[in-house]
Trainee: 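Got a structure here, written out as structure tokens. Questions coming.
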Amino acid sequence: MADDRFHVYDTTLRDGAQQEGLNLTVADKLAIARHLDSLGVGFIEGGWPGANPKDTEFFRRARTELDLRHAQLAAFGATRRAGVKAADDPLVAALRESGAPVVTLVAKSHDRHVELALRTSLQENLAMIRDTVSHLRAEGQRVFLDAEHFFDGYKSNPAYALEVVRTAAEAGASVIALCDTNGGMLPDELAEVVQAAAGTSARIGIHCHDDTGCAVANTLAAVKAGATHVQGCANGYGERSGNANLFTVVANLQLKRGFDLVPREALAEMTRIAHAITEVTNVTPNSHAPYVGVSAFAHKAGLHASAIKVDPNLYQHIDPAEVGNDMRMLVSDMAGRASVELKGRELGYDLSADTSRELVNRVKDLESKGYTFEAADASFELLLRDTVAGERRRHFQVESWRVIVERTRGGELVSEATVKLYAKGERIVATGEGNGPVNALDRAVRMGLERLYPELAEVELIDFKVRILEGTHGTDAVTRVLITSSDAAGEWSTVGVDENIIEASWQALEQAVTYGLLRAGHVAE
Ligand SMILES: [Zn+2]
């Protein structure tokens, strides 16, 4: 189990799950818990057993299905209701029976919330905290307290807010986490309040929301002011603007402040873990996320390219490998020869001066027509290979294609595509149906080639983006299509541009299949 001196406490499964559009099944929660454990967090808050049947089931299944190596599970719940004993409150019983070694109790620390939301007296609220904490402690659980609306409460009535902290600590709560529930704080004022709370000699934790864009900065400020327990969510999930991004917090504290929070090898898996969690949540990963985003170490080189070639560390704040990310060069019309050479080297090619000059000219020419290679690495690599080979090499040649879109009498729209191809010396005619013309073309191509290249069954078209580019200098508008495909090992993107959207899609599709075959180890003819 993790060192107790400093806590990394994840609340993705409870507070993070409040994010709009996020809907986690029990199996999803178990999968996310395993990923967080492999990162080495100390605590995973699983949910609110008793109040939410799914969360009750999570704790029940966790007992047999979760084999945590680093983390302890925490059950979240409220202090007892006013006017009853903690021992007699069924919701407190559910926390006791959850089997979680830790219970995190949420309590009011803002006087107005006690009176208006809880509708009880300030004294009874303190009694509820004292009674519930000591009851659970006596039953053998460790207790943390989330002091809700603490910072706003401190502004309203500082003496009462601090009294809540003192009461919980005296009753046996081992951490009092101060919550910026409304997320409105800024680092300097937050730090002053944390310092005041730390003066009560209770152990202080911090729980921040990102409504001012300062959740991570506030968390770091709290740590500097004395907090030794940080809460946050994977990928910054959470309601409104989200919670403090736990990955950013951990990377900052460990790499910039010298804290020893998670094993080094686990930190080097952070990018993979962050993406694996997005696979479970089905939330598109934020490509600009600090440390773990696809673009976090991507350089649109231009001016800097030649210097990056000499020393990449001049242009990045850490070695991306420390968090399992990579430096990436973007090929754009800003770029010159140096960045094309760098990109080539990244892909494993040592380009001669002539080849890279020709490649730069081709990239510039295509970009002037509306292509973009920044988001289409696979198209760039095909262009590079063709340039190196001095000819266009493909696994199959296209004779023709045709798509029909029909609105049936029943009002249903059906697309049917026919492709005529040559591959491995054969002429192939194949037909595919789909819910749209591109889907039908995709099926027809696979249908035609799968017998010769069975690996294509693994290739899947996972994203399709269309953008209309305004015409310039009297030319017509053109359509740019970006297709992202995947196989068991990863993803790649290809681009096509034409005045006709289906032709643009076809270009991207044809390259997507070609690149998939290259990945599978087939040499183009
Ligand atoms: Zn919260």
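Numbering of ligands and ligand atoms starts at 1, following listing order.
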Trainee: Centroid-to-centroid, F6 to H229, below 6.0 Å?
Mentor: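 When the ring centroids of F6 and H229 are compared, they turn out to be at least 6.0 Å apart.
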Trainee: What N/O/S atom of H209 is the closest to the Zn ion (ligand 1)?
Mentor: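 Answer by atom name: NE2.
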Trainee: Let me know which of K85, R80, R96 forms a side chain to side chain donor-acceptor pair (under 3.5 Å) with H135.
Mentor: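 Checked K85, R80, R96 against H135; only one passes side chain to side chain donor-acceptor pair (under 3.5 Å): R96.
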Trainee: Do you see a donor-acceptor pair shorter than 3.5 Å between the side chains of T479 and R467?
Mentor: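 No - no donor-acceptor pair under 3.5 Å links their side chains.
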Trainee: Out of the N/O/S atoms in H207, what is the name of the one closest to the Zn ion (ligand 1)?
Mentor: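 Of all N, O or S atoms belonging to H207, NE2 is the one nearest the Zn ion (ligand 1).
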Trainee: Is it true that some N/O/S atom of E239, main chain or side chain, lies under 2.8 Å from the Zn ion (ligand 1)?
Mentor: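 No.
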Trainee: Is the gap between the ring centers of H7 and F144 under 6.0 Å?
Mentor: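 Ring centroids of H7 and F144 are less than 6.0 Å from each other.
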Trainee: Of all the N, O or S atoms in D15, which one sits nearest to the Zn ion (ligand 1)?
Mentor: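 Output for this pair reads OD2.
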